[in-house]
Amino acid sequence: MTARSDMSAIGGAAPVAPSERYAILDILRGFALLGIAVANFPEFSLYTFLPADAVGAMPTARLDSVVRYLQYVFVDGKFYTVFSLLFGIGFSIILSNAAKRGADGLRVFYRRMVVLMLIGFLHLMFIWSGDILMLYALMGMLLPLFRKASDRALLMWAAALLLLPVLVDAVTSAVGVSLSAPVVALQRSCCARYGITDANFAYWLRDARSYAEVFDFLVQGALVRVQEFIEGNRYFKVMGLFLIGFCIGRRRFYADLGRHRAVLVRIASVGLLVGLPLSCLYAWSAVAGRPFGVAVHSLLYLLSVYPVGFAYVACLCLFFMRRPGCRLFRLIAAPGRMALTNYIGQSLCGLLIFYGIGFGLGADMGLSYVVLIAAGVWLVGALFSSLWLSAFRFGPLEWVWRMLTYGKVFPLRICRSVAETGKLSGSIRLFRGRRLDSKSRKMPPA
């Protein structure tokens, strides 16, 4: 399908129109947002930072220990794997659409990454220290280096990058070197400057009575985030997943799922049969404090997280092929269409619910309740997204992102007439509460 576009934007480039979107990609994004909320909210709630005696004294302590183990089995790393694959797919779509319009796809992509990096920086420094957007933008800027590589070369590079963290952890453990030591020293000096200690670290944000106190914590938190990226070799992992996603996108797997059913079944079967048992072992290693060492734990991550993450994608694609019109899929797709708004929105909800400048519920709640709140926040975001998209073309942050990327103002509200030319997806579509016939493109009488 082809949508009407203003060819004056960056040499003919224009954002993907609603009529050009593939539902499965939005569904996968919406699904990933749910997992990301469940993974992130233990930190928002400050549960992750609590000392062992405080965790053990909670009424839900026994249930929380089970939930924590299950999080490592089914959640940890799996959903950012899905999101990273989708990022790589998105890169291929940008290049493909720009080529069709005779535009400079790389120029569009780099501007898009610069804007995303700015959004990520603001998110990291002023809202939440667990931001991933800056890393995505920085690693994304390397993707064009691989645009002319063959599929085989892409997959070989991806495999090497995903294996590299195991090698790095093995070497650093053997020689007793900490690559993050300079960042840790800087973070400790920041804590000393602001009066953040081991005793009040877990409670600082809950007890904060002004945003200035929150900001002090966020400054040192940004350094903690850098430390996490270094110790987790996250940049290698993200880049490897980007390349796999780029390969998938370039072959347009998402455009004809039925043709690839056998491959999807194989990925789902192998991913679950191999990945889940190893994920149980990985979860035990994480809960037990990595008893076999960092390198073995990193190997377990490699052999469990990625297969299960890929299996999630394959299973969702297979379910979608069976019931493409399912209402649940429409609900999941809505936040996927405005993923940036929902990702930042989840952070704002976490700040409001758990920090002292909001309701101050942090550090006093068991993990079981935190997971339920995370799911509730995602559901509210999904319902809000559905309502918003009934009247607007883009999510609010997506709209800003597009305008800064393409250097022009795009209309936000959906027109009363058909907003896009070309065929509508399906013969009947709901439009402002009435049925719209795609053949006549006229409103039937009330």
Side-chain angles (χ1 to χ4, degrees), residues 39 42-43 48-49 51-52 68-69 71-81 84-85 129-132 134-136 138-139 142 145-146 153-192 198 201 220-244 270-271 274-310:
E43 285 200 17
T48 301
F49 307 127
R68 184 183 177 212
Y69 177 82
Q71 274 201 299
Y72 279 113
V73 174
F74 296 105
V75 177
D76 188 61
K78 282 77 172 177
F79 290 91
Y80 107 79
T81 293
S84 300
L85 291 174
S129 304
D131 174 76
I132 194 68
M134 274 195 71
L135 181 65
Y136 272 28
L138 290 170
M139 293 295 101
L142 300 178
L145 299 176
F146 298 89
L154 284 176
L155 294 178
M156 289 180 65
W157 272 105
L161 286 166
L162 295 179
L163 282 167
L164 196 54
V166 180
L167 177 61
V168 171
D169 286 340
V171 171
T172 53
S173 297
V175 299
V177 173
S178 174
L179 300 178
S180 64
V183 179
V184 172
L186 185 57
Q187 182 261 341
R188 286 176 178 169
S189 68
C190 282
C191 287
D198 291 341
F201 191 90
Q220 67 80 35
L223 294 171
V224 173
R225 189 59 168 166
V226 175
Q227 175 191 348
E228 290 172 350
F229 287 157
I230 295 173
E231 293 179 351
N233 299 291
R234 185 69 69 89
Y235 27 80
F236 297 132
K237 298 173 181 178
V238 165
M239 195 65 204
L241 293 169
F242 280 1
L243 294 179
I244 295 174
V270 174
V274 174
L276 275 182
L278 288 172
S279 200
C280 292
L281 186 58
Y282 163 75
W284 173 81
S285 175
V287 171
R290 305 174 184 178
F292 298 126
V294 176
V296 173
H297 186 77
S298 185
L299 179 62
L300 289 173
Y301 184 101
L302 170 71
L303 298 176
S304 64
V305 168
Y306 303 133
V308 174
F310 297 158

Looking only at heavy atoms, the pair that brings S84 and F242 closest together is O-CD1, 3.3 Å
The reported gap from CG in L243 to CE in M139 (rounded to nearest 0.5 angstrom) is 11.0 Å
Smallest heavy-atom separation, G240 atom then A158 atom, equals O-CB, 3.4 Å
Worksheet item: Taking atom types as modelled, is there a side-chain donor on K78 or S279 under 3.5 Å from an acceptor on the other?
Response: yes
F79 versus F74: any side-chain heavy-atom pair under 4.5 Å?
no
Fit a plane to each ring of F292 and W284, take the angle between them on a 0 to 90° scale, and name the class: parallel (under 30°), tilted (30 to 60°) or perpendicular (over 60°). tilted
Any sub-3.5 Å donor-acceptor pair from D131's side-chain atoms to M134's backbone N or O? yes
Using side-chain contact (heavy atoms from CB on, under 4.5 Å), reason through L303 and Y282 one step at a time and then give a plain yes or no.
CA-CA 9 Å; L303 298 176; Y282 163 75; over 6 Å; no
When rounded to the nearest 0.5 Å, the distance separating CZ of F49 from CG of D198 is 13.0 Å
Between Q220 and S129, is a side-chain contact (heavy atoms from CB on, under 4.5 Å) present by the stated rule, with each step listed? CA-CA 9 Å; Q220 67 80 35; S129 304; 5.7 Å; no
dist L276:CG -> L281:CG (nearest 0.5 Å) comes out at 12.5 Å
ask   = Going by heavy atoms in the side chains, are Y235 and I230 under 4.5 Å from each other?
value = yes
Side chains of Y301 and S285 only: does a donor on one sit below 3.5 Å from an acceptor on the other? no
Item checked: Heavy-atom side-chain proximity of V168 to L179 below 4.5 angstrom -> yes
Practice task
Taking the side chain as every heavy atom from C-beta outward, state whether R234 and R225 have any pair of such atoms under 4.5 Å apart.
Solution key: yes
**Request:** Answer yes or no: is there a donor N or O on one side and an acceptor on the other, between the side chain of T81 and the main chain of G77, under 3.5 Å?
**Result:** yes
Note: L162 and L302 closest approach over all heavy atoms is O-CD1, 3.6 Å
Between V73 and A283, the two heavy atoms sitting closest are CG2-CB, 3.5 Å
W157 side chain reached by M239 side chain, heavy atoms, under 4.5 Å: no
Smallest heavy-atom separation, V305 atom then D76 atom, equals CG2-O, 3.6 Å
Tightest non-hydrogen contact, residues P307 and G275, listed as CB-CA, 4.0 Å
Quiz item: Which is it for F229 and K237 under the side-chain contact (heavy atoms from CB on, under 4.5 Å) test, yes or no, and what are the steps along the way?
Solution: CA-CA 10 Å; F229 287 157; K237 298 173 181 178; over 6 Å; no
In this structure, CZ of R290 is separated from CG of L300 (nearest 0.5 Å) by 11.0 Å
Can you confirm whether the side chains of S180 and E231 place a donor and an acceptor under 3.5 Å from each other?
yes
Which of L164, V238, D169 passes side-chain contact (heavy atoms from CB on, under 4.5 Å) with N233? Answer is D169
Is the closest side-chain heavy-atom distance between L163 and F236 below 4.5 Å?
-> no
Inset, instruction - Start with the C-alpha distance between Y306 and L241, add both sets of side-chain angles, then the distance that settles side-chain contact (heavy atoms from CB on, under 4.5 Å), and finish with yes or no. - result: CA-CA 9 Å; Y306 303 133; L241 293 169; 4.0 Å; yes
Do V224 and V184 have side chains that approach each other closer than 4.5 Å (heavy atoms only, starting at C-beta)? no
